[in-house]
Number of protein chains: 4
Amino acid sequence: MPKVSDEHLAARRRQILDAAAACFARDGFHRTSMQDVVRASGVSAGLVYRYFTGKDDMIAAIVTEWHDQRRILETGTPDERVARYLDHLAGTAETARLSVQIWAEAVRDPRIRELARRNVDDPRTATADALRTMPLAAGIEPDAFARILIAIYQGLVLQTAWDETLDTETYVRTVAAVLEAVTRP
Amino acid sequence: MPKVSDEHLAARRRQILDAAAACFARDGFHRTSMQDVVRASGVSAGLVYRYFTGKDDMIAAIVTEWHDQRRILETGTPDERVARYLDHLAGTAETARLSVQIWAEAVRDPRIRELARRNVDDPRTATADALRTMPLAAGIEPDAFARILIAIYQGLVLQTAWDETLDTETYVRTVAAVLEAVTRP
Amino acid sequence: MPKVSDEHLAARRRQILDAAAACFARDGFHRTSMQDVVRASGVSAGLVYRYFTGKDDMIAAIVTEWHDQRRILETGTPDERVARYLDHLAGTAETARLSVQIWAEAVRDPRIRELARRNVDDPRTATADALRTMPLAAGIEPDAFARILIAIYQGLVLQTAWDETLDTETYVRTVAAVLEAVTRP
Amino acid sequence: MPKVSDEHLAARRRQILDAAAACFARDGFHRTSMQDVVRASGVSAGLVYRYFTGKDDMIAAIVTEWHDQRRILETGTPDERVARYLDHLAGTAETARLSVQIWAEAVRDPRIRELARRNVDDPRTATADALRTMPLAAGIEPDAFARILIAIYQGLVLQTAWDETLDTETYVRTVAAVLEAVTRP
DNA sequence: CATGAATGAGCATTCATTCAT
DNA sequence: TATGAATGAATGCTCATTCAT
C-alpha cells in the first residue's frame, strides 16, 4: 500500500490550495470551475476530491487561512500596533482581489460572514481598548474610530484590487498623519 | 392593439431590474440563475429577454445605475459636500450588499472595473481639489486624504453589508470629528 | 366589422408566403424562426397566425405551390415536351435553393415526401410512355431513362443552388445532345 | 488509471458519430436535438462534449467524412472509373438521406457549401479530362457531360432517399447504355 | 382586422462530482 | 495513490404560439 509521507500530503494540499486561490482571486468562486482548479494545480480531478470533499470545502479552507491574517492589532504596545497596521495597508494585489471575493461570498454564506465579521470585530475591539487609554480629539468615539481604521484598511484593499499601480506610500503616510491629528490633539 | 404605453414598458423593466437587483444583492451575480430572477420578478423567462439581451446585459444595466450614484461630492460648497458625504455613509443594507457584489465583479470584468474606479476617482479628484483650498493638519496630503474618505465610505458599506444592525450614527459623528480634526488644525 | 376584400386577403397571404419562401430558401425551414418571417413580411406576429395555423401550415402551403410546378412533361407532342424540359433546366437560384430545402424536408415528413415523389413519378411515367413510342439506343430502358432525365434535372437544380454562376446554357445543349444520341440511334 | 486506450477513445467517437449520423439522416441537423443524439448513442450528455466541442463540430465531422467519399472518379483507367461510378450509383438509403441533409445545409453554410462544391468539381474535372481523350457523340461537351454524370448520380441519391424500394439495377444498366451511346458514337 | 407583449416548453451546453481502472 | 472518462442535473437562452387590447 503506497502510504506516502505527511509532508507529501501537505505539499499536495498546498499545491491545490495555491492554485485554487489564484483562480478564485482572478475569477471569483463561482466563475472558477473545478476544471480550472484542476488545470491550474496540475493534478487530476479525482485527486482534488481526496484532499477536499468538494468545492465548498476548498473555499472554506481558503477562507479559513485568510481569516487567520487578523490579530495584527491585538497584541503589543500601541505604537507597535500602529506600525503593524500601517505596514499591512500595503498588501499584494492578488491578496486584495481574493479578499474582495471573500467579502462578496460573506454576503451570501453565513459561516463565511461570521469569519469576516470577526476579522473586523476582533481587531476593532482591541483597537478601541487601546484608544480608550489615549487622549483623543473632540468628538472621537474610540469604538467608532476603531471601526474607521478598519474601514480605511478595507477601502485600500478594495482600491488595490482594482488598481495595481495605486501609490500606497503616500496613502500610508497620510493615514499616519490622521492618526497623529486624532490621537495627539 | 397592444402597443402598450412607454410607462408600462418602463415599469416592466423596473420590475425585472428590481427583482434582479434583490437576487444579485443576496446571492451574487453567478449564484443567481435566470430562473431565480424570473421567479422573483413574476414574469416569464421569455419576457426577460425582451427587455435585456441576456444576463450580462441585465448586470450591465444594474451596474450602470449603481455607477450613477456617484457625483455626490462633485458639486456645491465644501460644507454641502461634507454634509452629503456624511449623509450617504448610512445607506441601506441591500444597497450595500449589491455594492459588494459589484466590487467583486469589478475584479474580473474590466468594463465594470472601469466604472468602479471612476466611482472612486471622480469624487476623489473633486474632493482633493476642495481640500487644497482648506487648511490641513500636518502631513495630510489632499489627494491621499480624499482617497481615505472614499475608503472610509467603502469600509462602512462593506461592514453594513455584513451587519444590518451596525450603528451608523456614532460612526458618522466620529467621521465628522475626524474631518474636523484634520481640516481645522 | 372591417370585412376587407378577398383581394386584400389574398395579397396579404402572398406577401407572407413570399417572405417566408425567401427566408426558407436562404436558411432552411428549421433555421428560420417565425420572427424571421414576421420581420421579412412586415406584418405582425399575430397576423401570420390568421393566415396560417402555424409554421407547419406555412411550410405545407409553400410545398404545395412548389409541387404544382410539375406537369411540364405530361402534355403536348414529344418535341414540345423536350423543349419545355430543356427550358426548365435553367431555373433561378432562389427556386433551386428552396427546392433543396424541400427535398431535405421530404426525407423526414411523409406527406411532403409523397408530394416530392409524385413530382418525380408523374413526369417520369408520362415521359416513359412517350419514350416507348420512339426508337431508342441499345440497352436504354424507357422507364429508367425517364428517371435519368428527372435526375439530370434534379442534379442541375442542386448545383445551381450552390453556385449561381453555373453556366446552364452549355449544360442544356449537351443534355439535348444526349437526348439526340439516345433517341435517334 | 483510466487513461483508456486510443482504440477505446476512437470507438467511443465512432459510436457517437454513427448515432448522430443516423439521427441527422432521419430528421435533419436542426430537428435533431442533442438529447436525441445522446439517447441514440447511449452515452451521457456530458460525454458527447468531451468528443465534440458542440453540435456544429459534430456536424462538421460528419460532413468531412461524407466529403471524403469523393475521389471515386479521379484515378484509374477510364473503364475502371466508369465501373466504380456505376457501382456507386447504388448506395444505401441512409447514406442517401444524410447526403440530402448535407446538401440542404450546404445552401446556408458557406463552409459546407465549399466541400459540397468540391465533391462536384473534383470528380467533374477529372471526368471531363478523361472524356476529352474519347470519341464523343455530336454536340457533347466534355465538361457539361461530366456535370451531367454528377447530376445523374445526385438525382439517384435523391430518389433513393425518398424511396428505398427504388430498383437501382435497371437504372444503372441504362446509365451504362447512355454512356455507351455517347462515348461510342 | 391588426398588434406585439407575454408565455413556457425545449434547446445546446456546462460543471461538480464519481468511480472503474 | 492517482487518473480522467463518465455522469446527469442545472444553466442561459430561443422560439412557436396565444391573447388582451
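The chains referred to below are lettered A, B, ... by the order of the sequence lines, with proteins before strands, and numbering in each begins at 1.
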Contact between B:R26 and B:R97 at the side-chain level, heavy atoms closer than 4.5 Å - yes or no?
no
Please confirm whether the backbone N or O of A:V38 pairs with a side-chain atom of A:S41, one donor and one acceptor, at under 3.5 Å?
yes
Applying a 4.0 Å non-hydrogen cut-off, can you work out what D:T32 is touching in the nucleic acid: base, sugar-phosphate, or nothing?
sugar-phosphate
D:I59 CD1 to E:dC11 P: how many Å, rounded?
15 Å
If we only count heavy atoms from C-beta on, is the D:R108 to D:H30 side-chain gap below 4.5 Å?
yes
Whole-Å gap separating C1' (F:dA6) and CZ (D:R13):
18 Å
For the atom pair CG (D:D36) and CZ (D:R31), what is the distance rounded to the nearest 0.5 Å?
11.0 Å
Atom pair CG (A:L115) and CD1 (A:I102), whose distance is rounded to the nearest 0.5 Å
9.5 Å
Verify the neighbour count for atom CG of D:D6: are there more than 12 heavy atoms of other residues, nucleotides or ligands below 6.0 Å?
no
When rounded to the nearest 0.5 angstrom, what is the spacing between OH in C:Y51 and CG in C:L17?
12.0 Å
Answer yes or no: is there an ion pair linking D:E105 with D:R111, defined by an N-O contact shorter than 4.0 Å?
no
Contact class for B:H30 vs. all strands (heavy atom < 4.0 Å): base, sugar-phosphate, or nothing?
nothing
Take atom CG of C:L9 and atom C1' of E:dC1, then tell me their distance rounded to the nearest Å.
9 Å
Do D:F24 and D:Q101 have side chains that approach each other closer than 4.5 Å (heavy atoms only, starting at C-beta)?
no
Residues from residues 19-27 of chain C sitting under 4.0 Å of DNA chain F, heavy atoms only?
none
Note: contacts of residues 42-55 of chain C with DNA chain E (heavy atom, under 4.0 Å) are C:S44, C:A45, C:G46, C:L47, C:R50, C:Y51
When all nucleic acid strands are considered with a 4.0 Å heavy-atom cut-off, which category describes B:R31: base, sugar-phosphate, or nothing?
nothing
Between E:dT13 atom P and D:D36 atom CG, what is the distance in whole Å?
14 Å
Less than 4.0 Å between a side-chain N and a carboxylate O, is that true for B:R12 and B:E7?
no
Rounded distance (Å) that lies between atom C1' of E:dG4 and atom CG of B:D6:
14 Å
Rounded distance (Å) that lies between atom P of F:dC15 and atom CE of C:M58:
14 Å
Intra- and inter-strand pairing of DNA chain F, written as dot-bracket with Watson-Crick and G-U pairs under 3.5 Å and | for the latter, reads .||||||||||||||||||||
If you define the side chain from C-beta out and look only at heavy atoms, does anything of D:M58 sit under 4.5 Å from D:M34?
yes
C:M34 CE - E:dG4 C1' separation (whole Å):
14 Å
Per nearest nucleotide of DNA chain E, the residue lying toward the 5' end, C:Q35 or D:F29, is C:Q35
Minimum-distance nucleotide to C:H8 side chain [options: F:dG12, E:dC15, E:dC1]:
E:dC1
Contact check, side chains of D:W66 and D:N119, non-hydrogen atoms, under 4.5 Å:
yes
Check whether any side-chain nitrogen or oxygen of A:R12 sits under 4.0 Å from OP1 or OP2 of F:dT1, and answer yes or no.
no
